[in-house]
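Working notes for the structure below.
Protein chains get the first letters and strands the later ones, always in sequence-line order, with residue 1 at the start of each. Just so we're clear, the structure is a prediction, and the values are computed from it rather than from any experiment.
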Number of protein chains: 2
Amino acid sequence: MGKQQMTEMLKGTLEGIVLAIVASEPAYGYEITAKLRDEGFSDIVEGTVYALLVRIEQRGLVDVTKVPSEKGPPRKVYSLNAQGGEYLEEFWKSWSFLAERIEQLHHHHHTDNPQHEGE
Amino acid sequence: MGKQQMTEMLKGTLEGIVLAIVASEPAYGYEITAKLRDEGFSDIVEGTVYALLVRIEQRGLVDVTKVPSEKGPPRKVYSLNAQGGEYLEEFWKSWSFLAERIEQLHHHHHTDNPQHEGE
DNA sequence: CGGCGGTATTCGGTGTCACTATGTACTGGT
DNA sequence: ACCAGTACATAGTGACACCGAATACCGCCG
């Protein structure tokens, strides 16, 4: 699968994915990265996720709590707040809009059987 | 709908959208822009499309033919070539992969079923 | 003791992309 | 001559995912 393509496609959507994850249950960065790997996003590394988390925190979409860990430095646990919830709703609207139109093109591509004689 | 979100989401996907359009039928830039507007992408302007077309041409994904116009400068008509076809296939794979996983999250969010049993 | 691997976060630099804004070129109508 | 519509081009901007390296904390093995 085009890795380069996936990278570009993830722009904008990865943010929504992560917000959706913390929406379902508060989580910390390392954990989120592991979840993403579980979900099949095997190429997403820590650095990418942490940078994203910093961004959404600075935008006030998530609340952060520091929780000590037994196995390393303290964890920063992120949870979606009200503003983040609204933002996530907007994300789903944008996603649905885009997905609908692209699926149309995709479908077109499959079914479109030009017994090419329209000529 | 978050315009900013849509801008980021289009990264990577707009390329696929345009390739899908020229795959179904050769077209020139101005025409493609109009089609996109028709499809609901009302904020995409010429400049964006032209820059994209230059890119995919330089990557050898499309063939170009200059065709005189009665109403302005000559049109550059783009058509998908073999390499572009392969690339588009890869795009659909990446898209399907991503869309599946995101729809899962979306669905989860709606039918909000807290099945926390791995606890 | 000292290094090593797993946990957990941070950060500077890179490349790509859609967007903005502007400019150029060609035509027909008034 | 001017203007609006058609058609293309492009330099600069901001946002984002990625890369690589560094730091901190812990337990274990030699």
Side-chain angles (χ1 to χ4, degrees), chain A residues 2-19 26-37 41-59 61-62 64-78 87 91 94 98, chain B residues 2-19 26-37 41-59 61-62 64-78 87 91 94 98:
Chain A
K3 191 173 165 184
Q4 176 68 31
Q5 280 176 336
M6 187 53 82
T7 292
E8 290 305 322
M9 254 184 228
L10 280 173
K11 289 188 181 174
T13 57
L14 183 57
E15 193 174 291
I17 291 170
V18 169
L19 286 173
Y28 56 97
Y30 197 78
E31 189 184 8
I32 293 169
T33 306
K35 277 189 189 180
L36 289 171
R37 286 189 194 281
F41 298 102
S42 49
D43 292 328
I44 297 179
V45 295
E46 277 99 322
T48 300
V49 176
Y50 286 118
L52 195 159
L53 290 172
V54 166
R55 257 201 329 270
I56 63 179
E57 178 185 0
Q58 277 168 352
R59 289 192 187 161
L61 306 177
V62 286
V64 188
T65 318
K66 229 166 198 169
V67 177
S69 164
E70 301 136 10
K71 307 195 121 194
R75 297 166 175 169
K76 286 180 72 176
V77 175
Y78 295 83
Y87 187 85
F91 170 79
S94 296
L98 184 60
Chain B
K3 192 174 163 183
Q4 177 68 31
Q5 280 176 335
M6 185 54 80
T7 291
E8 290 306 322
M9 254 183 228
L10 281 173
K11 288 188 182 173
T13 57
L14 183 57
E15 196 172 288
I17 292 170
V18 169
L19 285 173
Y28 57 98
Y30 197 78
E31 189 184 7
I32 292 169
T33 305
K35 277 190 188 177
L36 288 171
R37 286 190 193 283
F41 298 102
S42 49
D43 293 327
I44 296 178
V45 295
E46 278 102 317
T48 300
V49 176
Y50 287 120
L52 195 160
L53 290 171
V54 167
R55 256 201 329 271
I56 63 179
E57 180 186 356
Q58 276 169 353
R59 289 192 186 161
L61 306 177
V62 287
V64 188
T65 317
K66 231 168 198 167
V67 177
S69 164
E70 301 137 10
K71 307 196 121 196
R75 297 165 175 168
K76 286 180 74 177
V77 176
Y78 295 82
Y87 187 86
F91 170 79
S94 297
L98 183 61

Original post:
What does nucleotides 13-21 of chain D look like as a protein-contact string, B for base, S for sugar-phosphate only, - for none, at under 4.0 angstrom between heavy atoms?
Top reply: -BBBSBSB-
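- Looking at B/T48 and B/T7, their side chains never come closer than 4.5 Å, going by heavy atoms from C-beta outward.
- The phosphate of C/dA8 (OP1 or OP2) has no side-chain N or O of A/K66 nearer than 4.0 angstrom.
- Protein atom CD1 of B/I17 is 14 Å distant from nucleotide atom C1' of C/dC17, rounded to whole Å.
- When side chains are defined from C-beta on, B/K3 counts as touching B/D43, because their heavy atoms get closer than 4.5 Å.
- For the pair B/E46 and B/V49, the minimum side-chain heavy-atom distance is 4.5 Å or more.
- Following rounding to the nearest Å, B/E31 (CD) and D/dG5 (C1') show an atom-to-atom distance of 16 Å.
- B/K76 has its side chain within reach of B/E57: a pair of non-hydrogen atoms, C-beta onward, lies under 4.5 Å apart.
- One atom, CD1 of A/I56, and another, C1' of C/dT9, lie 15 Å apart when rounded to the nearest Å.
- Between A/Y30 and the phosphate of C/dT9, there is no side-chain N or O to OP1/OP2 separation shorter than 4.0 Å.
- Contact annotation: A/Y50 does not reach the phosphate of C/dT10 (side-chain N/O to OP1 or OP2, under 4.0 Å).
- Protein atom NZ of A/K35 is 17 Å distant from nucleotide atom C1' of C/dT7, rounded to whole Å.
- At a threshold of 4.5 Å between non-hydrogen side-chain atoms, the residues B/F41 and B/L10 count as touching.
- Straight-line distance from the CD atom of B/E46 to the P atom of D/dT6: 10 Å, rounded to whole Å.
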**OP:** Might you work through the side-chain contact (heavy atoms from CB on, under 4.5 Å) test for B/L14 and B/M9, ending with a clear yes or no?
**Re:** CA-CA 9 Å; B/L14 183 57; B/M9 254 183 228; over 6 Å; no
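- Between B/R37 atom CZ and D/dG5 atom C1' the separation is 14 Å, expressed in whole Å.
- Rounded to an integer number of Å, the gap from A/Y28 OH to C/dT7 P is 9 Å.
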**OP:** Between protein and nucleotides 22-27 of chain D, map the contacts as a letter string: B base, S sugar-phosphate only, - none, heavy atoms under 4.0 Å, written 5' to 3'.
**Re:** --BBS-
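- Inter-residue side-chain proximity for B/F91 and B/L19 is flagged as unmet; no heavy-atom pair is nearer than 4.5 Å.
- Residue pairs satisfying the side-chain hydrogen bond (donor to acceptor under 3.5 Å, both in side chains) criterion with at least one member in residues 66-75 of chain B, sequence neighbours excluded, are listed as follows: B/Y28-B/R75.
- Between the P atom of C/dA8 and the OH atom of A/Y78 lies a distance of 14 Å, rounded to the nearest Å.
- Between A/R55 and A/E15 the shortest side-chain heavy-atom distance falls below 4.5 Å.
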